[in-house]
2 protein chains.
Amino acid sequence: MASVESETVSETTGRGTPAGRSTTTGRGTTTGRRTTGRRERLRAETTAEIKKVALELMASGGPDAITLRAIAREMGMTANAIYGYFATRDDLVTALVHDVYTALADAVDAAWEATSGQGPADRIRAWAHAFRDWSLANREGFRLIYGDPVPGYRAPEGGAAPEAARRVCTGLAGLADAAWPQAAHLYADSEFDWPDFDAGLLDKVRPAFPDLPPAAVALALRIWGHLHGLVSLEVYGHLRTQTVSPDKLFREELAAQLRSLGLASGR
Amino acid sequence: MASVESETVSETTGRGTPAGRSTTTGRGTTTGRRTTGRRERLRAETTAEIKKVALELMASGGPDAITLRAIAREMGMTANAIYGYFATRDDLVTALVHDVYTALADAVDAAWEATSGQGPADRIRAWAHAFRDWSLANREGFRLIYGDPVPGYRAPEGGAAPEAARRVCTGLAGLADAAWPQAAHLYADSEFDWPDFDAGLLDKVRPAFPDLPPAAVALALRIWGHLHGLVSLEVYGHLRTQTVSPDKLFREELAAQLRSLGLASGR
DNA sequence: TGCAGAAACTATACGCCGTGAAGTTTGCAC
DNA sequence: GTGCAAACTTCACGGCGTATAGTTTCTGCA
């Protein structure tokens with residue numbers, strides 16, 4: 001189920017000086033412990049609590065419920081106090097997107113690792129089900145990551161989301177890698193070449209899977225699209241107004257996908 | 001390009017009596033024209049203008065920019081005046097969702113009709129490209145329909161969206177119908193049965209395509225998922241941080257889809 | 001033709017929201 | 001023990017949806 005916990009910091013400082021930078025590391029007088037660390041520890045704890053409360057609010061009221069004032073209320077603070085930790089509401093949301101996306105990536109990676117001894121079909125099935133299961137168990141998190149997170153939010157250039165997305169895509173490249181021996185011949189006519197992909201993605205994918213051609217990375221992105229589409233329609237409630245068996249649909253999708261990859265649909 | 005124009009009414013009345021119901025049709029004194037119609041005409045025009053302004057605001061500032069106050073400002077009115085036409089902001093948004101979704105359905109239907117003489121592969125390609133082209137040309141509309149439209153919006157039970165979605169799904173059933181002669185044998189082991197689908201959907205699909213089995217409807221929904229996923233990732237900017245060629249990806253997706261449907265990929 | 005009444009609209013107000021500016025407390029470092 | 005910065009509060013602004021009440025304008029009928 002991979003609950004969402006946070007460790008990223010990405011903080012800002014109070015007005016005035018650029019702080020969080022208690023330059024000297026003075027020693028405590030009597031305890032022998034670095035007294036310097038205390039404030040920083042409190043700061044880290046408060047930062048973590050802000051994010052924790054924000055995620056709780058999100059879980060119960062959707063991404064829209066993430067408001068500085070509500071968080072502050074919950075923590076017994078003033079809304080403005082949060083500005084000591086995040087320069088702006090969007091910065092907070094960006095940090096949350098990072099944490100939540102990381103939790104998703106952890107969940108699918110774990111499913112992949114857990115099936116390391118099995119065949120490609122079973123591993124791909126496990127990955128895909130982990131993706132869907134996480135998304136349905138964390139619908140609000142899914143909407144935070146992939147939808148319009150919060151009223152006026154605009155993601156920063158190149159921020160947390162693309163980074164985490166690349167991690168997920170690297171996992172998908174692993175699926176393509178596993179399927180490639182059987183599937184390669186189907187994509188011989190792919191027009192993709194390395195320059196078609198983002199450099200940041202290739203930096204992760206090519207070292208991990210040195211033998212994989214561009215066509216396989218394109219395949220990974222297409223699989224991402226398939227899974228994302230079905231899950232997204234389900235999370236946003238568009239699918240349940242058409243069928244009462246979205247899970248059956250997902251399973252048939254997987255079967256068809258595996259078949260079209262040339263993998264025995266076994267099981 | 002199928003611009004979004006509106007004709008739905010879905011209005012409410014001012015406080016007090018349930019109006020919009022000028023019961024008697026009195027005749028004008030001198031002109032011979034029914035004077036009764038005047039107010040209703042003005043009313044319809046104002047309703048249309050509200051929606052038009054709302055769509056303009058959405059096009060320029062995203063769904064978030066749809067605020068009663070902004071619309072009123074644009075129209076030289078007070079925000080509260082809008083309550084004479086829509087009981088609530090969500091009602092307005094619901095009307096907009098209906099109009100925009102209808103525009104999307106019109107666009108894909110038109111592409112389908114325009115290729116009525118051609119083979120299934122070409123028709124499916126045309127439909128899919130119309131879907132993507134409309135979505136990219138109306139990104140904000142796509143987000144309005146498929147995302148979280150506006151801060152606190154919750155779609156009404158069974159409202160405009162499922163209805164329009166069913167129309168799109170019926171179009172998709174047309175694709176499945178076109179492909180079915182070649183593709184049927186691939187889905188012989190489908191576990192879908194009629195009760196798995198929403199009755200409202202079947203009411204539209206089964207009369208239109210009497211020979212289509214449940215498996216084909218499931219196929220239609222899966223194709224919807226494929227296309228929606230890729231386009232959704234693209235509209236929300238998740239794809240462009242991984243590849244610079246989302247269009248190439250979409251074309252390869254279509255080629256693979258057609259191949260997996262047993263349709264010659266011929267172009 | 002005049003008038004009751006309804007429809008359309010405005011004014012005011014409330015409680016939310018993000019955020020800026022300025023003031024106050026607290027605790028660490030010297 | 002004193003100075004300074006970090007942490008926090010208070011006050012303020014403008015924007016939001018919307019409820020209530022008041023005002024204008026048009027219409028249908030006597």
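All chains are named by letter (A, B, ...) in the order of the sequence lines, taking the proteins before the strands, and each is independently numbered beginning at 1.
Between A/Y146 and A/Y236, the ring centre distance reaches or exceeds 6.0 Å. Not less than 6.0 angstrom separates the ring centroid of B/H228 from the ring centroid of B/F131.
We find that CZ of A/R41 is positioned 14 Å from P of D/dA7, with the value rounded to whole Å. The interatomic distance linking B/I71 (CD1) with D/dG15 (P) rounds to 16 Å, in whole Å. Atoms OH (A/Y85) and C1' (D/dA7) sit 6 Å apart, rounded to a whole Å. When the C1' atom of C/dG18 is taken as reference, atom CG of A/L68 falls 7 Å away, rounded to whole Å. For the pair A/N80 CG and C/dG20 P, the computed distance is 9 Å after rounding to whole Å. Rounding to whole angstrom units, CZ of residue A/F86 and P of D/dC8 are separated by 13 Å. B/I66 places its CD1 atom 14 Å from the P atom of D/dT18, with the value rounded to the nearest Å. Atom CZ of B/R89 is separated from atom C1' of C/dC16 by 13 Å (rounded to the nearest Å).
Between A/G76 and A/R69, the residue anchored closer to the 5' end of DNA chain D is A/G76, taking for each the nucleotide with the nearest heavy atom.
Distances shorter than 4.0 Å separate none of the side-chain N or O atoms of A/T88 from OP1 or OP2 on C/dG18. Taking side-chain N and O atoms only, B/R73 has a distance below 4.0 Å to OP1 or OP2 of D/dC16. For D/dA7, the OP1/OP2 oxygens have a side-chain nitrogen or oxygen of A/R43 closer than 4.0 Å. A/Y83 has no side-chain polar atom (N or O) that falls below the 4.0 Å cut-off from OP1 or OP2 of D/dC8.
Looking at A/E253 and B/H226, their side chains do bring a donor and an acceptor atom within 3.5 Å of each other.
Atom-to-atom distance recorded for A/L249:CG and B/D196:CG is 9.5 Å, nearest 0.5 angstrom.
Heavy atoms of A/T78 sit under 4.0 angstrom from at least one base atom.
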Quiz item: Hey, mind stepping through A/T94 and A/Y153 against side-chain hydrogen bond (donor to acceptor under 3.5 Å, both in side chains) and telling me if it holds?
Solution: CA-CA 9 Å; A/T94 300; A/Y153 180 74; 2.6 Å; yes
